[in-house]
Protein chains: 2
Amino acid sequence: MRRDIFQAIADPTRRAIIALLALQAMTPNGIAEHFDSTRQAISKHLRILTECELVKQEHQGREIYYHLEIQKMKEIDKWLEQFRKLWEIRFDQLDNVLSNLKKNKK
Amino acid sequence: MRRDIFQAIADPTRRAIIALLALQAMTPNGIAEHFDSTRQAISKHLRILTECELVKQEHQGREIYYHLEIQKMKEIDKWLEQFRKLWEIRFDQLDNVLSNLKKNKK
DNA sequence: ATTTTAAGAAACCAGTTGGTTGCAAATATA
DNA sequence: TATATTTGCAACCAACTGGTTTCTTAAAAT
């Protein structure tokens, strides 16, 4: 199945997992302790995150540590880039409005 | 139904609609012309985008213009903020590695 | 060697999604 | 007024989602 990072971050549980893994690599059981749902549910989320290469596995004995591929997160940032210009322009306009208000006050 | 912006941008068609509306406000029919699917399908996407307040309607006679609420996009940027630090650190480390390689070469 | 533990895989289920078609309301035009 | 256009809404459908339970494999501990 075709996975992409935007689909991956659509789920709030997965966003929470991403935030956890940003701090340190963890095992599925370790992650599951932070949530109400079962290990298997977490495991499915991890599979989706793995499929879109947002996380990577690291086998250590019978434990599997998952760690975040932080570089992948930049894809979102890259997509946002095209809009960042726009909202900065709006801010500039707001600045103008504010300074005009100030002038009129004087 | 509870909508959030992350779910809204999960669908590639919706991301394309957002990109279109970033350029100019458009009617459902106008938007649908850019895609293969039916107007009704686009209309459903617009409803989802409206529910999470990413787009706003502007009635003009019997036409409804949809325009992007660019400020809302900043929510994604805000969420990314916590990770931006991390990937910048990685870049710094890479810089160090590169300059060390350079030194050793001399 | 047996038992415990960590984790993935498969089967299943209810709810959601993205899409369709058909219809009704509102506005514009003849 | 009658007709055409733009749009939203409801009903329906197949596919996907997030979750569960059960089972298997493999490593570690006893």
Side-chain angles (χ1 to χ4, degrees), chain A residues 1-21 23-69 76 79, chain B residues 1-21 24-69 72 76 79:
Chain A
M1 199 176 311
R2 193 81 187 79
R3 297 282 179 200
D4 75 41
I5 193 173
F6 292 99
Q7 210 205 324
I9 63 165
D11 184 87
T13 304
R14 281 198 291 272
R15 286 202 299 281
I17 291 175
I18 290 170
L20 268 179
L21 295 184
L23 303 175
Q24 57 178 321
M26 295 180 80
T27 63
N29 268 326
I31 296 166
E33 282 170 14
H34 289 77
F35 299 93
D36 284 337
S37 49
T38 58
R39 179 190 61 81
Q40 278 84 348
I42 301 298
S43 228
K44 275 185 138 187
H45 285 307
L46 285 172
R47 194 156 69 90
I48 289 168
L49 292 170
T50 304
E51 278 172 5
C52 74
E53 299 187 298
L54 243 174
V55 306
K56 285 268 156 64
Q57 301 182 333
E58 203 182 319
H59 292 255
Q60 269 184 32
R62 70 182 163 188
E63 291 179 332
I64 299 178
Y65 281 85
Y66 285 82
H67 63 90
L68 188 62
E69 281 291 303
I76 305 166
W79 180 72
Chain B
M1 196 177 312
R2 193 81 188 78
R3 297 281 180 200
D4 75 40
I5 192 173
F6 292 99
Q7 210 205 323
I9 64 165
D11 184 86
T13 304
R14 281 197 293 270
R15 286 201 299 282
I17 292 175
I18 290 170
L20 268 178
L21 295 184
Q24 55 179 321
M26 295 179 80
T27 63
N29 268 327
I31 296 167
E33 281 169 15
H34 289 77
F35 298 93
D36 285 337
S37 49
T38 58
R39 178 191 61 80
Q40 280 84 347
I42 300 299
S43 228
K44 275 187 135 187
H45 285 307
L46 285 172
R47 195 156 68 91
I48 289 169
L49 292 171
T50 304
E51 278 172 5
C52 74
E53 300 187 295
L54 242 172
V55 306
K56 286 266 157 64
Q57 301 182 333
E58 203 180 321
H59 292 255
Q60 268 185 29
R62 71 182 163 189
E63 291 179 333
I64 299 177
Y65 280 86
Y66 285 83
H67 64 90
L68 189 61
E69 281 292 302
K72 193 76 181 178
I76 305 166
W79 181 72

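We name chains A, B, ... by the order of the sequence lines, and we start the count at 1 in each one. Predicted, not measured: the structure shown is a model, and the values here were computed from it.
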Rounded interatomic separation in angstrom, taking [atom1] from [X] and [atom2] from [N]:
X: Q57(A); N: dA6(C); atom1: CD; atom2: C1'; answer: 13 Å
X: H45(A); N: dA7(C); atom1: NE2; atom2: C1'; answer: 16 Å
X: E58(A); N: dA6(C); atom1: CD; atom2: C1'; answer: 16 Å
X: I9(B); N: dG18(C); atom1: CD1; atom2: P; answer: 13 Å
X: Y65(B); N: dT6(D); atom1: OH; atom2: C1'; answer: 11 Å
X: E51(B); N: dG18(C); atom1: CD; atom2: P; answer: 11 Å
X: L49(B); N: dT7(D); atom1: CG; atom2: P; answer: 16 Å
X: N29(A); N: dA27(D); atom1: CG; atom2: C1'; answer: 14 Å

> So which heavy atom on E53(B) is nearest to which on E69(B), and how close?
Replying inline: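 Shortest heavy-atom separation between E53(B) and E69(B) comes out as O-CB, 3.6 Å.
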> Where do R15(B) and I9(B) come nearest, in terms of heavy atoms and distance?
Replying inline: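 Closest approach of R15(B) to I9(B), heavy atoms only: NH1-O, 2.7 Å.
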>> Applying a 4.0 Å non-hydrogen cut-off, can you work out what Y66(A) is touching in the nucleic acid: base, sugar-phosphate, or nothing?
In response: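 The answer is sugar-phosphate, as Y66(A) gets under 4.0 Å only of primed atoms, P, OP1 or OP2.
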> Which part of the nucleic acid, if any, lies within contact of I48(A), taking any heavy atom under 4.0 Å across all strands shown: a base, the sugar-phosphate backbone alone, or nothing?
Replying inline: sugar-phosphate
> Given dG19(D), is OP1 or OP2 found less than 4.0 Å from the side-chain N or O atoms of R14(A)?
Replying inline: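 Result: no.
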>> Side-chain N or O of T27(B) versus OP1/OP2 of dT7(D): is the shortest distance under 4.0 Å?
In response: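 Answer is yes, contact under 4.0 Å.
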> In a check of side chain to side chain contact (heavy atoms under 4.5 Å, CB included) between V55(B) and each of I18(B), I48(B), T50(B), which one passes?
Replying inline: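 Output: one option passes, namely T50(B).
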>> Here's a test for you: under side chain to side chain contact (heavy atoms under 4.5 Å, CB included), which of L49(B), L54(B), L20(B) qualifies with L68(B)?
In response: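 Of the listed options, the one satisfying the test is L54(B).
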Which atom pairs, one a donor and one an acceptor, fall under 3.5 Å between side chains of residues 30-46 of chain A and the rest of the protein, sequence neighbours left out?
| residue | atom | partner | partner atom | Å |
| --- | --- | --- | --- | --- |
| H34(A) | ND1 | G30(A) | O | 3.1 |
| T38(A) | OG1 | A41(A) | N | 3.4 |
| H45(A) | ND1 | R14(A) | NH1 | 3.0 |

> For Y66(A) and Q57(A), does a side-chain donor sit closer than 3.5 Å to a side-chain acceptor?
Replying inline: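 Looking only at side-chain atoms, Q57(A) and Y66(A) do form a donor-acceptor pair, the distance falling under 3.5 Å.
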>> One character per nucleotide, please: for nucleotides 22-30 of chain C, 5' to 3', B when the base has a protein heavy atom closer than 4.0 Å, S when only the sugar-phosphate does, - otherwise.
In response: B----BS--
Heavy atoms from C-beta onward define the side chain here; which of [options] lies closest to that of [X]?
X: K44(B); options: dG19(C), dA7(C), dG18(D); result: dG19(C)
X: S43(A); options: dG8(C), dA9(C), dA7(C); result: dG8(C)
X: Q7(B); options: dG19(D), dA6(C), dT17(C); result: dT17(C)
X: I64(B); options: dG8(D), dT17(C), dT17(D); result: dG8(D)

> Once you round to the nearest 0.5 Å, how far does CE of M26(B) lie from CG of L21(B)?
Replying inline: 7.0 Å
